[in-house]
Number of protein chains: 2
Amino acid sequence: MSKKLEKITTRKENFADWYTSIVNNAKLIQYTDIKGMMVFQPNAWAIWEAIKNQIDVEFKKHGVRNLAMPTLIPLSEFQKEKDHIEGFAPELFMVNQIGDKKLDNSYAIRPTSEILFCNYFKNIVNSYNDLPIKNNQWCSVMRAEKTTRPFLRNAEFHWQELHAIFASENEADSFAKVILDVYTDFVQNYLCIPVIKGLKTPWERFAGAQKTYTIEAMMQDGQALQSATSHYLGQFFAKAYDIKFQGQDNQMHYVHQMSAGLSTRIIGALIMVHADDQGLILPPDIAFNQIAILTIFSNKNPQLLKISQQICEQLNNYRLFEDHSDKGIGYKLAQQEIEGTPICILVGAKELVNQQVVIVRRDTHEKINVDLTDLKLIIPKLLADIKRNIYEKAKKDLEDSIVFVNNIEELKQVIAQNKMAKAFFDGTKEDDEQIKLLTNASTRCIFDETQNGQCFYTNKKTNKLTLFARAY
Amino acid sequence: MSKKLEKITTRKENFADWYTSIVNNAKLIQYTDIKGMMVFQPNAWAIWEAIKNQIDVEFKKHGVRNLAMPTLIPLSEFQKEKDHIEGFAPELFMVNQIGDKKLDNSYAIRPTSEILFCNYFKNIVNSYNDLPIKNNQWCSVMRAEKTTRPFLRNAEFHWQELHAIFASENEADSFAKVILDVYTDFVQNYLCIPVIKGLKTPWERFAGAQKTYTIEAMMQDGQALQSATSHYLGQFFAKAYDIKFQGQDNQMHYVHQMSAGLSTRIIGALIMVHADDQGLILPPDIAFNQIAILTIFSNKNPQLLKISQQICEQLNNYRLFEDHSDKGIGYKLAQQEIEGTPICILVGAKELVNQQVVIVRRDTHEKINVDLTDLKLIIPKLLADIKRNIYEKAKKDLEDSIVFVNNIEELKQVIAQNKMAKAFFDGTKEDDEQIKLLTNASTRCIFDETQNGQCFYTNKKTNKLTLFARAY
């Protein structure tokens, strides 16, 4: 588009404004007339489609099949499960009318689809032979929000929700962990975002879950962002929605259930973990343009177009973008920087004398002269190196920022320094709320590792190590 | 699932019941508690995903980028365009409430997204340099329906809607035709459904369109099914929603617009064009399982599993399904027949003595003994032949069924024989309605070809040849 770039606020100046200016300048989101309802522009949607494609591949390996549920849930169905409706009621978008006809029974736009899956499973499961059933859908859900922010808090957001039922608790709980591992591998290896795996405290669980597993990432401002969750639901919904099967013992049993989701919030994490004051930095695997080929005054030198064409043919297994417009090379490069393209290839007359082009890395801003004949060899190495580099950088940031704390004063200090804290903790929901009032930080997850120690807040003996942080 | 197959009604007995029993037995759709809101089960959704993937490839070749619009439209925005709101008002699902709070301004769940795209385009377009803009989204839309049928008439259905804006009428209209060609090629070459291309009569146009191009397919009961449409919208929406750009002449101009869509209705066509009294017949390109490998009593003969494994490795570039359960081979084969798998490979001890397997074609029910060593060579040829065969069969049916008629009596006769009619026609909407009352058939489209003749109904001179048919 021809609209001029707004100035990008630096991260130091104001992290929140920086985030907003990245979202605007990289053409990710446009607002609409309804609060919290946003247009996911092509640049954002291409990232989401790349995420979707890769996760689908992984899900399929685990026998998960996609389907599509309706968007609406009768309110009466919602009310069958008390905890679940209590968790969501205030946020529900309600359909009360079709045309000018008022409905006797209202419908809720799904805030999540457990109920729809439960009613579906109930209809299709009969015996243990039918189990397990593992389904997933990619869709949008709606939850009204008081304050909204692109990707982080949209009234309507996109996600996948995986729902599966099993004959035994062990299978269901194990599969919840398997899917958390799928998320962990994907987020770390494809999005290059290092994460902490753990268990949510009981009061931070999904409404209706027995266990909620989570992966937490750290943003450049030291805040945590819950990046994906996987829930063991037990027989909670099975009992409320009567999902039974005939076991090998010929008796009827309730199924054991799990669900798991990863949403467009992760694009917020992608921005806040990798981007810099020049714009987005996209991991090569999910960048919509992996390589941009930018000619320098090709209007004065048509030979450059021919060379560009040859480069495109050589690199046709990558997602390429070409800019042969008559804009200055500085402008073209800035455009690619803001949109996060991992590699730019500058094609100019000067270097072509030596049969060379200039490669600019997005992550390090490094410029390298490369022989045309070496391009095909060098590009995959460079992309792999960019991937490794942005992951390692984020991993170092994460590791450096986790500080072990022994008391509330230390926690206050650590959080004030935009870091995260690790502490022995065995407190209650009320303790957690009190800690948040004092420090702005709250429990993010309980680490997998256990050690013997003493709760930093209650002084009770405990083996639970807990992550405290401010959080999005 | 272990639920037993229901008996499939034959097409001769009752075409509508046959359709329903195919939908149920092939596990395509489950109903929910809300009228017209259905679960697209994994078998149906896999077909839709295959359609989506292929169409996306084609759209990308034409510079179309995907994005995602919100699901809700403020009613006040809807009301800006009179014809458009009149077309959709009675069918709109209205959101009047969030939590227990009534809204001052209602939102409509999108029945189509012209308005959202218009407001978006308005925000991002400035000058002729920004044009054209070509976007598409895959989503669901809602339109309340009095009677509902799986795929054909869902209150919520899935589709893609492509919206594009241009500097000139010619570009916009041409692109509407380009996209109709994309649909035509896809539907004919991938879904193996022959179609008639044409223009809708003014009264059958999309609400707000200047021209609606359509492709019409013929079902086995002689009824037409509108399979995809592409609309030239002129400056109609541009004026209502104020979408202007600065031209090369430095003046402000309204954009010219088009939109186009193909929906899950096409799965209904897929069933009603190809399926037979044994079940679905899926075109190889979009079959979720292209080849099923069925062992005959592998529990008594573990060697068969080893051979199956080798076959899978040989054919690993296809979507494979394996059934090594202890069910009888007749049951296994019937299961694949109902689900429409193009090729079954039966692996049994008897044929293995000669290093052979039995291949069963879904389209012809033909059984062929094939040497194991020839499999890799024969499979692609067979799949190509199945594709060609089901297309040719449907094409012959279509061609045989179109009868030229000279008067209303002939039309009545032709329609009563479950055929379609071609006629010179230059009547009005009222004439069309009258013809429908007399014959059950109505105008489906105006053929591309023109000839000089006389309207079969009004006797006026005309060069327009029109397709008349009963229609879904």
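Model, not experiment: these values are computed from the prediction. Chain A is the first sequence line, chain B the second, and so forth, proteins listed ahead of strands; every chain is numbered from 1. These values consider heavy atoms only, across backbone and side chains, with no hydrogens, waters or symmetry-generated copies.
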Item to complete: Compare all side-chain heavy atoms of B:Ile98 with those of A:Glu91 and state whether any distance is below 4.5 angstrom.
Response: no

Fill in: Among the listed options A:Tyr31, A:Phe93, A:Phe88, A:Trp48, the residue most often paired with chain B at heavy-atom distances under 4.5 Å
A:Phe93

Worksheet item: Is it the side chain or the backbone of B:Pro90 that comes within 4.5 Å of chain A heavy atoms, both, or neither?
Response: backbone

Worksheet entry | Toward chain A, the part of B:Met38 with a non-hydrogen atom under 4.5 Å | backbone

Discussion item. Quick check on B:Thr71 against chain A: is it the side chain, the backbone, both or neither that has a heavy atom closer than 4.5 Å?
Written reply: both

Item to complete: For each of A:Pro74, A:Ala44, A:Ala46, tally heavy-atom pairs with chain B at distances under 4.5 Å, and name the one with the top tally.
Response: A:Pro74

Item to complete: Could you tell me whether the side chain of B:Met94 reaches within less than 4.5 Å of the side chain of A:Asn96, counting heavy atoms only?
Response: no

Worksheet item: Given side chains that start at C-beta, do those of B:Asn66 and A:Pro42 come closer than 4.5 Å, heavy atoms only?
Response: no

Discussion item. Let me confirm one number: the NE2-SG distance from B:His158 to A:Cys139, rounded to the nearest 0.5 Å.
Written reply: 9.5 Å

Fill in: Contacting moiety of A:Tyr107, where chain B heavy atoms sit under 4.5 Å
side chain

Discussion item. Using a 4.5 angstrom heavy-atom cutoff, name the option from A:Met69, A:Gln97, A:Met37 with the most pairs to chain B.
Written reply: A:Gln97

Worksheet item: So what's closer than 4.5 Å to chain B heavy atoms on A:Glu77: side chain, backbone, both or neither?
Response: side chain

Item to complete: Identify the heavy atoms of B:Phe40 and A:Leu67 that sit nearest to each other, and give their distance.
Response: O-CB, 3.1 Å

Discussion item. Within the structure provided, determine whether A:Met142 and B:Leu72 are in side-chain contact (heavy-atom separation under 4.5 Å).
Written reply: yes

Discussion item. Looking at A:Asn317, I'd like to know if its CG atom is crowded, meaning that more than 12 non-hydrogen atoms belonging to other residues, nucleotides or ligands lie closer than 6.0 Å.
Written reply: yes

Discussion item. Using side-chain contact (heavy atoms from CB on, under 4.5 Å), reason through B:Ile124 and A:Gln41 one step at a time and then give a plain yes or no.
Written reply: CA-CA 11 Å; B:Ile124 64 165; A:Gln41 291 185 264; 4.2 Å; yes

Worksheet entry | Toward chain A, the part of B:Asn43 with a non-hydrogen atom under 4.5 Å | both

Item to complete: Indicate yes or no: at least one non-hydrogen side-chain atom of A:Ile34 is less than 4.5 angstrom from one of B:Pro70.
Response: no

Item to complete: To the nearest 0.5 Å, tell me how far A:Gln30 CD sits from B:Phe121 CZ.
Response: 11.5 Å

Discussion item. Counting only non-hydrogen atoms closer than 4.5 Å, can you tell me which residues of residues 109-120 of chain B sit against chain A?
Written reply: B:Ile109, B:Asn119, B:Tyr120

Item to complete: Please examine the side chains of B:Arg65 and A:Phe288, heavy atoms only from C-beta on, and report whether any two atoms are closer than 4.5 Å.
Response: yes

Practice prompt. Measure distances from A:Glu156 to the heavy atoms of chain B and classify the residue's part below 4.5 Å as side chain, backbone, both or neither.
Written response: side chain

